[in-house]
Amino acid sequence: MTCFPLVPHARRRAGFLILFFSLAILAVPVMRSASAAPQPQAAYEAEMRAYIANQMQAYKIPGLALAVVRGGEVEFLEGFGDADSTGRPVTPDTPFLLASVSKGITALAVMQLVEAGRLGLDDPVREHVPWFEVEGGRGGGITVAQLLYQTSGLTELAGREANLRPDGPDALEEAVRAIAAEELAFAPGEGWENSNLNYDVLGLLVQEVSGQPYGDYIDTNIFAPLEMDNSFASLEEARSGGAAGSFYPFFGFPLAFDGLMPYSRATLPSAGLWSTAADMSRYLVALLDGGDSGPISPAGLEALHTPGHMFDEKQGYAMGWTVNHNFVPPEFLAGTGREEYAGMTILFHEGDGLGYKAMAFLIPEIEYGSILLMNTND
């Protein structure tokens, strides 16, 4: 199989990425070609269910939910397997941890405030959070844009350590204050490194500029307008709403891990939001309709999805999304009947939590999106 270039933190997961992309675009039974007669819906759904059942068995996935959207409509939406150790079935309305897929939602909140004139992309963080400090002043000039594009110099390791901080009502602010002791990997704007801290600082900015706790802002300005009624910015609320329990593979067999999963509001904006396949289908549709009826303007949506840092001539990082131009080379699709998909630009983001996996895809050229949510991760 041809290997596609991925950002550094994602290369080790290339196999899974290509597997799911195959499900979404390249598997002939799953997608309906623009140049071919549409496959009857019943046959399409049967092929999809058979494929997923095979993958769940092969990879020992306890529970999974999948949504596929195209042209503003839901093309496929279903839950599979067990939500938890009781055998409760997964449904399209079962909440899962989004993990790093949360970053795109936080970026959307930031862009709403930018469009409202309350925040600027080139604003230094200190303009809105005067006490913000990094490495004895070296990071004092970090801007909103550098956080969004992960070019601030904050490190991946420090971001992982933040998830181990004690939970509490002020955990997010405490985590950002602790950044004062961190060393930057590079001067702001002079490199790229994936760090949850970038998006945690953005979450605190949303909180400070809006005057609302971060979770309340997301509930009021994103979840509610998009009718994401089973999405949550709280572990307790997610569990009350029937959240899927987590499983972790032990010698190849998934064991219930729910009570041991670390979770802290310190990393809520970067990795702590919860949602369902049904709710995320509405979110993806809103990001694909050009902004005409979505949560930000068409210009804001374009900015959200335009890379601010390029890894090479094809791939870069936008605001909470990795963008890959010409993701599938023409030679990979030769003779498959899917040649029209060659060269398209794809936006994607993975989410990895202890016992949870999320994967979101957008292909704006064909108004296509998909979200995969699982309650296991190795």
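This one's a predicted model, so the numbers in the text were calculated from it and none came from an experiment.
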Participant: Between Ser85 and Phe247, what is the shortest heavy-atom contact and its length?
Facilitator: N-CZ, 3.7 Å

Participant: Just wondering, are more than 12 heavy atoms of other shown residues or ligands nearer than 6.0 Å to CD in Glu365?
Facilitator: yes

Participant: So, Gln150 and Tyr317: side-chain donor and acceptor under 3.5 Å apart, yes or no?
Facilitator: yes

Participant: Determine whether Leu66 and Phe76 make a side-chain contact, defined as any pair of heavy atoms from C-beta on separated by less than 4.5 Å.
Facilitator: yes

Participant: side-chain hydrogen bond (donor to acceptor under 3.5 Å, both in side chains): which pairs involve residues 87-99, sequence neighbours left out?
Facilitator: Asp84-Arg88, Thr91-Thr94

Participant: Can you measure from CD (Gln55) to CD1 (Ile61) and round to the nearest 0.5 angstrom?
Facilitator: 7.5 Å

Participant: Consider only side-chain N and O atoms of Thr267 and Asn196, and report whether a donor and an acceptor are under 3.5 Å apart.
Facilitator: no

Participant: What are the two closest heavy atoms between Pro295 and Leu108, and how far apart are they?
Facilitator: CG-CD2, 3.7 Å

Participant: Is it true that a side-chain atom of Gln207 and a backbone atom of Tyr214 form a donor plus acceptor pair closer than 3.5 Å?
Facilitator: yes

Participant: Is the backbone N or O of Tyr368 less than 3.5 Å from a side-chain atom of Arg70, with the two atoms forming a donor-acceptor pair by type?
Facilitator: no

Participant: Starting from the C-alpha separation in whole Å, work towards a yes-or-no answer on side-chain contact (heavy atoms from CB on, under 4.5 Å) for Leu119 and Val144.
Facilitator: CA-CA 8 Å; Leu119 196 62; Val144 173; 4.2 Å; yes

Participant: I want to check something: taking the side chain as every heavy atom from C-beta on, are Leu121 and Leu148 in contact at a cut-off of under 4.5 Å?
Facilitator: yes

Participant: Quick one: are the ring centres of Phe311 and Trp192 less than 6.0 Å apart?
Facilitator: yes

Participant: Test Val69 against every option in Leu288, Leu287, Ile371 by the side-chain contact (heavy atoms from CB on, under 4.5 Å) rule and name the one that passes.
Facilitator: Leu288

Participant: Looking at every heavy atom in both Ala109 and Ile222, which two are closest together, and how far apart are they?
Facilitator: N-CD1, 3.9 Å

Participant: Using every non-hydrogen atom in the two residues, find where Asp167 and Tyr263 come nearest and quote the distance to one decimal.
Facilitator: CB-O, 3.9 Å

Participant: Quick one: CG on Leu205 to CG on Leu113, what's the gap to the nearest 0.5 Å?
Facilitator: 9.0 Å

Participant: Flag the pair Ser275 / Met228 as yes when at least one side-chain heavy-atom distance between them is below 4.5 Å, and no otherwise.
Facilitator: yes

Participant: Let's go through Asp82 and Val90 carefully: what are the C-alpha distance in whole Å and the side-chain angles of both, what is the deciding distance for side-chain contact (heavy atoms from CB on, under 4.5 Å) to 0.1 Å, and is it a yes or a no?
Facilitator: CA-CA 6 Å; Asp82 297 336; Val90 173; 5.8 Å; no

Participant: Any chance the side chains of Lys103 and Thr106 put a donor and an acceptor closer than 3.5 Å?
Facilitator: no

Participant: What distance separates Phe186 CZ from Thr155 OG1, expressed to the nearest 0.5 Å?
Facilitator: 9.5 Å

Participant: Is there a side-chain contact (heavy atoms from CB on, under 4.5 Å) between Val125 and Leu147 once you walk through the steps?
Facilitator: CA-CA 9 Å; Val125 175; Leu147 296 171; 3.6 Å; yes

Participant: Can you list the residues that meet the side-chain hydrogen bond (donor to acceptor under 3.5 Å, both in side chains) rule with Ser152, with sequence neighbours excluded?
Facilitator: Asn198

Participant: Does the pair Lys357/Glu350 count as a salt bridge with the N-to-O cut at 4.0 Å?
Facilitator: yes

Participant: What I'd like to find out is whether the side chain of Phe257 reaches to under 4.5 Å of the side chain of Asn377, using heavy atoms alone.
Facilitator: no

Participant: Among Phe96, Tyr356, Phe223, find the residue that satisfies the ring-ring contact (aromatic ring centres under 6.0 Å, His included) test when tested with Trp274.
Facilitator: Tyr356

Participant: Working to the nearest 0.5 Å, report the span between CD1 of Ile296 and CE of Met111.
Facilitator: 5.5 Å

Participant: Identify whether Trp131 and Ile142 are in the same connected component of the hydrophobic contact network (ILVMFWY, side-chain heavy atoms under 4.5 Å).
Facilitator: yes

Participant: Take Gln212 and Thr220 through the side-chain contact (heavy atoms from CB on, under 4.5 Å) test and state the conclusion after the steps.
Facilitator: CA-CA 10 Å; Gln212 295 178 267; Thr220 302; 3.8 Å; yes

Participant: In plain terms, say whether Arg49 and Glu78 are close enough for a salt bridge, that is, a side-chain N and a carboxylate O under 4.0 Å apart.
Facilitator: yes

Participant: Is there a donor in the side chain of Tyr217 and an acceptor in the side chain of Gln112, or the other way round, less than 3.5 Å apart?
Facilitator: yes

Participant: Side chains of Phe361 and Leu284, heavy atoms from C-beta outward: is any pair under 4.5 Å?
Facilitator: no

Participant: Side-chain contact, heavy-atom cut-off 4.5 Å: Met48 with Val68?
Facilitator: yes

Participant: Hydrogens and angles aside, do Thr151 and His309 bring a side-chain donor and acceptor to less than 3.5 Å of each other?
Facilitator: no

Participant: Is there a donor-acceptor contact under 3.5 Å from the side chain of Asp219 to the main chain of Asp216?
Facilitator: no

Participant: Let me see the working for Glu133 and Arg177 under salt bridge (charged side-chain N to carboxylate O under 4.0 Å, His left out), right down to the final yes or no.
Facilitator: CA-CA 7 Å; Glu133 181 65 271; Arg177 286 186 180 275; over 6 Å; no

Participant: When you measure from the side chain of Asp170 to the backbone of Glu173, do you find a donor-acceptor pair of N or O atoms at a distance under 3.5 Å?
Facilitator: no

Participant: For the pair Glu115 (side chain) and Ser297 (backbone), establish whether a donor and an acceptor sit closer than 3.5 Å, ignoring hydrogens and angles.
Facilitator: yes

Participant: Considering non-hydrogen atoms only, spot the tightest contact between Ala271 and Ser102 and give its length.
Facilitator: C-OG, 3.7 Å

Participant: Report the distance from atom CG of Asp279 to atom CZ of Phe232, rounding to the nearest 0.5 Å.
Facilitator: 8.0 Å

Participant: If you compare all heavy atoms of Ala171 against all heavy atoms of Ser264, which two are closest, and at what distance to 0.1 Å?
Facilitator: CB-OG, 4.0 Å

Participant: Using a distance-only test with no angle check, is there a side-chain donor-acceptor pair under 3.5 angstrom linking Glu236 and Ser234?
Facilitator: yes

Participant: Determine whether Asp200 and Ser270 satisfy the following criterion, side-chain hydrogen bond (donor to acceptor under 3.5 Å, both in side chains), listing intermediate values before the conclusion.
Facilitator: CA-CA 6 Å; Asp200 296 332; Ser270 64; 2.8 Å; yes

Participant: Okay, side chain of Asn230, backbone of Thr276: is any donor-acceptor separation there less than 3.5 Å?
Facilitator: no

Participant: Is there side-chain contact between Leu172 and Leu268, with heavy atoms separated by less than 4.5 Å?
Facilitator: no

Participant: Taking side chain as C-beta onward, heavy atoms only, is Val110 less than 4.5 Å from Met319?
Facilitator: no

Participant: Take a 6.0 Å sphere around CG of Asn54 and say whether it holds more than 12 heavy atoms from other residues, nucleotides or ligands.
Facilitator: yes

Participant: Nearest 0.5 Å, please: how far is OG in Ser210 from CZ in Arg118?
Facilitator: 6.5 Å

